[in-house]
Student: 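Okay, handing you the structure first.
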Amino acid sequence: MAADVIIGAQWGDEGKGKIVDALSEKYDVIVRYQGGNNAGHTVIIGKEKFILHLLPSGIFHKNKINIIGNGVVIDVNGLVTEINELKSKGIKISPKNLIISENANIVLSCHKQIDIAREGKKKIGTTGRGIGPAYIDKYARIGIRMRDIFDDDILKEKIKETLFEKNFILKNLYNYSEITEEEIYNEIVNHRKFLKPFITDVVYEINNLFKKGKKILFEGAQGVLLDVDFGTYPYVTSSNPSVGGVLTGSGIDYKALKRVFGVSKAYQTRVGNGPFPSEMDEQTAEKTRQRGGEFGATTGRPRRCGWLDLVALKYACILNGITDLIITKLDVLSIFNEVKAVTHYIYKGKKTDKFISDSYELSKCIPVFKTFKGWKTDLSNIKKYKDLPLNVKKYLEFIKKFIGVKISFVSTGPERNQILKV
Ligand code: IMP
């Protein structure tokens with residue numbers, strides 16, 4: 001009996017969707033525990049490309065239970081659209097294979113407006129999906145939760161409460177138009193009937209499933225370096241993608257947790273603002289971006305590209321007790337004669353191997369690189385780890401030794417089967 005976790009060990013976009021989909025075979029239950037539809041988990045099945053924003057990436061497998069935990073913030077319209085789109089493509093979704101926590105908070109249009117308005121003042125580079133403002137309401141104890149939407153009196157009361165300060169902020173601070181209670185009510189009310197059968201008490205469900213011996217996989221969204229507590233604050237998201245978020249975002253018994261898979265690209269990317277010590281020069285970044293399709297799955301924004309930052313990866317492993325590393329997108333680096341990775345920083349004139357999560361201080365760190373010979377080989381058809389070019393293996397061996405954590409899988413392309421067990 002065990003529950004395992006897959007987390008992004010970088011700034012998100014590590015290829016978690018593909019990995020969760022691939023590993024789902026071995027699990028009975030797949031759980032999203034934080035974030036919202038700022039996430040974009042890409043899964044390619046045959047010729048079809050799916051991008052999941054709220055649904056767990058186990059949804060494509062038969063006989064799996066997918067859970068959206070209390071820690072997720074849910075855009076109800078986005079969720080219903082996502083479910084219907086997948087259903088129209090033949091994916092079966094019903095309360096038998098999808099359950100949603102009654103305690104998950106809802107993202108409203110006013111959250112998106114405030115998110116966008118705030119970006120005009122302090123540019124974090126958010127996805128504009130209202131994620132930060134929705135979590136603010138949760139912690140201000142004025143959030144609307146899934147359980148609140150089915151009783152008209154409760155819902156109307158909650159809408160009044162949540163709009164009270166927001167309209168003041170929108171109108172007076174940002175010169176936006178006010179939003180009426182009716183507008184918010186209408187956003188939700190149309191989806192109530194559809195959503196009702198999916199909503200349940202996840203604490204009992206998930207712990208019962210665990211006690212029955214079901215294997216559970218937690219699917220993190222974003223990445224450790226975007227964690228509101230441990231990431232490059234303030235250039236972070238508003239939730240805990242780190243392993244700590246699993247407990248608070250699902251209610252699972254802490255004793256259930258066993259393996260933590262940390263997913264990292266063979267290089268580094270970041271969307272949005274914030275320090276990025278290993279960022280490539282624009283020409284090299286553009287080559288990587290084109291080759292790796294490094295454009296946001298949710299916003300389409302070009303991702304910033306850099307070399308693998310081993311200082312940051314080691315920090316992610318220490319912080320999350322990562323037991324297994326999964327290195328993705330090795331094929332992207334096949335275009336380079338040489339590949340680099342950061343092993344140290346110079347901070348205030350001194351060499352350090354410690355990651356500094358404060359954005360201002362991190363922006364002052366000068367990266368120290370180690371250079372590796374490239375492999376200049378197409379990896380896409382390689383089926384076994386042992387058949388990888390020697391220089392790829394040397395690169396991976398260095399990562400493993402430097403971090404002190406085993407690499408369990410590597411991924412060599414976007415397809416479901418382009419994953420090699422180490
Ligand atoms: P927010 O989560 O929309 O508030 O955005 C905060 C920061 O997290 C921004 O830098 C976003 O680009 C980043 N971010 C949010 N979600 C993702 C994701 O799924 N992948 C990568 N970056 C993300």
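Computed from a predicted structure; not experimentally measured. Order of listing sets the numbers, starting from 1, for every ligand and every atom in it.
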Student: N/O of Thr237 under 3.5 Å from N/O of ligand 1, yes or no?
Tutor: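 Indeed, backbone or side chain, Thr237 has an N or O that close.
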Student: Ligand 1 and Ile131, any nitrogen or oxygen pair closer than 3.5 angstrom?
Tutor: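 In fact, backbone or side chain, Ile131 has no N or O that close.
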Student: Counting only heavy atoms, tell me which of Lys123, Arg301, Gln222 gets closest to atom 16 (N) of ligand 1.
Tutor: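 It is Gln222 that holds the nearest heavy atom.
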Student: Please state whether Asp115 comes within less than 4.0 angstrom of ligand 1, counting heavy atoms only.
Tutor: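 In this structure, Asp115 fails to qualify as a contact of ligand 1 - no heavy atom is under 4.0 Å.
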Student: How about Lys400: does its NZ atom have over 12 heavy atoms from other parts shown lying under 6.0 Å from it?
Tutor: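 Count not over threshold, so no.
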Student: Where is the nearest protein heavy atom to atom 7 (C) of ligand 1: which residue, which atom, and how far?
Tutor: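 Looking at atom 7 (C) of ligand 1, the protein heavy atom closest to it is Val236 O, 3.7 Å.
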Student: Would one find an N or O of Gly128, backbone or side chain, under 3.5 Å from an N or O of ligand 1?
Tutor: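 Such a contact does not occur with ligand 1.
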Student: Within 45 degrees of the ring normal and closer than 6.0 Å to the centroid, is that where the cationic atom of Lys370 sits relative to Phe398?
Tutor: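 Satisfied, under 6.0 Å and within 45°.
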Student: Validate the cation-pi geometry between Lys196 and Phe150: distance from NZ or CZ to the six-membered ring centre under 6.0 Å, angle to the ring axis within 45°.
Tutor: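 Judged by the rule (NZ or CZ under 6.0 Å from the ring centre, within 45° of its axis), Lys196 counts as positioned above Phe150.
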Student: Is there a nitrogen or oxygen of Thr127 sitting under 3.5 Å from a nitrogen or oxygen of ligand 1?
Tutor: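 It does: an N or O of Thr127 is found under 3.5 Å from an N or O of ligand 1.
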Student: So, does Ala221 sit close enough to ligand 1 that a heavy atom of it is under 4.0 Å from the ligand?
Tutor: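 Distance cut 4.0 Å: Ala221 fails for ligand 1.
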Student: Could you see which bit of Leu226 sits under 4.0 Å from ligand 1, with heavy atoms only: side chain, backbone, both or neither?
Tutor: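 Under 4.0 Å from ligand 1, Leu226 contributes side-chain atoms alone.
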Student: Among all protein heavy atoms, pick the one closest to atom 20 (N) of ligand 1 and tell me residue, atom and distance.
Tutor: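 The answer is Asp13 OD1, 3.0 Å.
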Student: Aromatic ring centroids of Trp11 and Phe276 under 6.0 Å?
Tutor: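 Yes, ring centres under 6.0 Å apart.
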Student: Show which atoms of ligand 1 fall inside a sub-4.0 Å distance from at least one heavy-atom site of Trp11.
Tutor: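 Atoms satisfying the 4.0 Å criterion: 21 (C), 22 (N).
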Student: Indicate yes or no: does an N/O atom of Thr126 lie under 3.5 Å from an N/O atom of ligand 1?
Tutor: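 There is no such contact.
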Student: Answer yes if the side chains of Ser264 and Gln10 hold a donor-acceptor pair under 3.5 Å, and no otherwise.
Tutor: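 Gln10 and Ser264 do have a side-chain donor-acceptor pair below 3.5 Å.
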Student: What is the closest protein heavy atom to atom 11 (C) of ligand 1, and at what distance does it sit?
Tutor: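 Checking every protein heavy atom, the shortest distance to atom 11 (C) of ligand 1 gives Gly125 O, 3.4 Å.
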Student: More than 12 heavy atoms of other residues, nucleotides or ligands under 6.0 Å from CD of Glu48: yes or no?
Tutor: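 More than 12 within 6.0 Å, yes.
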Student: Among all protein non-hydrogen atoms, which one is nearest to atom 10 (O) of ligand 1, and what is the separation to 0.1 Å?
Tutor: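 So the nearest neighbour among protein heavy atoms is Val271 O, 3.1 Å.
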Student: Could you list the residues that satisfy side chain to side chain contact (heavy atoms under 4.5 Å, CB included) with Ser88, not counting sequence neighbours?
Tutor: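 Expected list: none.
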Student: Can you tell me how far NZ of Lys287 sits from OG1 of Thr284, rounded to the nearest 0.5 angstrom?
Tutor: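 That separation rounds to 6.0 Å.
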Student: Looking at Tyr185, I'd like to know if the NZ or CZ of Lys156 sits under 6.0 Å from its six-membered ring centre while staying within 45 degrees of the ring's axis.
Tutor: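 Flagged: Lys156 positioned over aromatic ring of Tyr185.
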